[in-house]
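Here is the naming used below: chain letters follow the sequence lines, and residue numbers restart at 1 for every chain.
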2 protein chains.
Amino acid sequence: MPRRTSKPMPSKPPPITMDAVYTAPGYLFRRMQQIAVSIFVEECSAFDLTPVQYAALVAIHTHPGIDATRLSAVIAFDRSTLGNVIERLESKALIERKPSREDKRVKLLHLTKAGAIVLRDIMSSVERAQVRMLQPLKPADRKTLLALLTQLVDLNNEASRVPLRAEDALEHLGKSN
Amino acid sequence: MPRRTSKPMPSKPPPITMDAVYTAPGYLFRRMQQIAVSIFVEECSAFDLTPVQYAALVAIHTHPGIDATRLSAVIAFDRSTLGNVIERLESKALIERKPSREDKRVKLLHLTKAGAIVLRDIMSSVERAQVRMLQPLKPADRKTLLALLTQLVDLNNEASRVPLRAEDALEHLGKSN
DNA sequence: CCCATATTGTAAGTATACTGTCAATCGGCA
DNA sequence: TGCCGATTGACAGTATACTTACAATATGGG
């Protein structure tokens, strides 16, 4: 009697169903990202800031005088993408870009007064959005998911096109003007 | 002695650190999505298909003769976004769009021979990509994460701008030509 | 049967998120 | 010191992902 496991026969591939999409981690990550952005934008609609713009503001606040390349490493964005984000934040007068005196290539980033105020005021809305994303889960499950996700993102850091390099942010200290 | 919890004093907000970004679920979802796309594209580079295009191919294969609006509900994409995706798949000759006889507004979608072959051949690469995304976790943790994520996406379905409506796919049966 | 209302695909506009490429500039090494 | 390779910000090009708007078409109620 031919045992199924004896020799790897050129067996028929399984039929393709929607499960090939619905149960794939990649699909779930994409869906969850869509949902997260949607919730964020809704909660923060009064501030007209996207999640990406918020992250950039926080990073510039935390690292005043950082340049665009280092900023991209600190929040794990592509340098090209970040260029546009910075432009929009500048046109909304939330940040300033001033040329460095020591390196004529770089432009140093600072929050404006308006930027600091917006950042301070948006925090509670952001917090509400973050809570809402996980709300449907039981509290213990929220912790579990967050822990596993943190772990997975960290361990997969190098697989990303733009790995997070939080340490890079420190390099600009001591240089700047 | 003034108890901290007695009356909601106008207390100082906590200082803003990068943790306001790094520990936020929304940020982790975005990072994980970046990583997932990166791994998918890498594993499937031989096929020149994006994750979104792959999902569309599977759905059209599973629901031959579906129209664009119903397709968007089945894979939870925006209708506008899907228009461009369909265009690209058509220009690669992986799908066909033919006008319906009963409703002059709709265009019915079918895989071409080439599309069916690409879909069949890409499956193993897709599978490898999905495995790689979760690889860094222990097997038990992979199951936990996947279960929680599936649950969360499902429970948050309505929070998304384009909720998944898998049942919609059935409506086109019995109508079509 | 006719018209108000809804649906369908498409298009324009904005915002990520990448890939390249490029000129200006910088830094280290011969 | 002078040049070569690396870095920096900018730009062009592609692909999601959303918004609003619109014309063509369908449908149901009066």
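- Computed from coordinates, the R105(B) CZ to dA23(D) C1' distance equals 12 Å when rounded to whole Å.
- In this model, a donor atom of one side chain and an acceptor atom of the other lie less than 3.5 Å apart for R31(A) and N157(B).
- I66(B) places its CD1 atom 10 Å from the P atom of dG9(C), with the value rounded to the nearest Å.
- I39(A) pairs with exactly one of M133(A), Q130(A), Q34(A) by the side chain to side chain contact (heavy atoms under 4.5 Å, CB included) rule, that one being M133(A).
- Each of L89(A), L49(A), L111(A) was evaluated against V118(A); a single residue qualifies, L49(A), per the side chain to side chain contact (heavy atoms under 4.5 Å, CB included) test.
- Applying the 4.0 Å criterion to OP1 and OP2 of dT8(D), one finds that R70(A) has a side-chain N or O inside that range.
- Comparing R97(B) and D103(A) by the nucleotide of DNA chain C that holds the closest heavy atom to each, the one mapping nearer the 5' end is R97(B).
- Side-chain contact between V37(A) and R30(B) is absent, with no heavy-atom pair separated by less than 4.5 Å.
- Dashed line: the shortest gap from a side-chain N or O of K104(A) to OP1 or OP2 of dG9(D) is not under 4.0 Å.
- To the nearest angstrom, C1' of dT14(D) lies 14 Å from CG of L89(B).
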Start with the C-alpha gap between R132(A) and E42(A), add the side-chain angles, then the distance that decides, and say whether side chain to side chain contact (heavy atoms under 4.5 Å, CB included) holds.
-> CA-CA 11 Å; R132(A) 255 187 72 191; E42(A) 197 181 310; 3.4 Å; yes

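- The separation between R79(A) atom CZ and dC11(D) atom C1' is 12 Å, rounded to whole Å.
- The aromatic ring centres of F29(B) and F29(A) sit 6.0 Å or more apart.
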Where protein sits on nucleotides 13-20 of chain C, one letter per nucleotide: B base, S sugar-phosphate only, - none, heavy atoms under 4.0 Å = --SBBBBB

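- One interatomic measurement links the two molecules: NZ of K98(A) to P of dG9(D), which rounds to 16 Å at whole-angstrom precision.
- For the residue pair R128(A) / S125(A), a side-chain donor-acceptor distance below 3.5 Å is found, with atom types taken as modelled.
- Straight-line distance from the CG atom of L82(A) to the C1' atom of dG9(D): 11 Å, rounded to whole Å.
- The CZ-C1' distance, from R101(A) to dC26(C), rounds to 18 Å in whole Å.
- Comparing dT8(C), dA6(D), dT10(C) by their nearest atom to the side chain of K107(B) picks out dT10(C).
- Going from atom CD of E42(A) over to atom C1' of dC18(D) covers 14 Å, rounded to whole Å.
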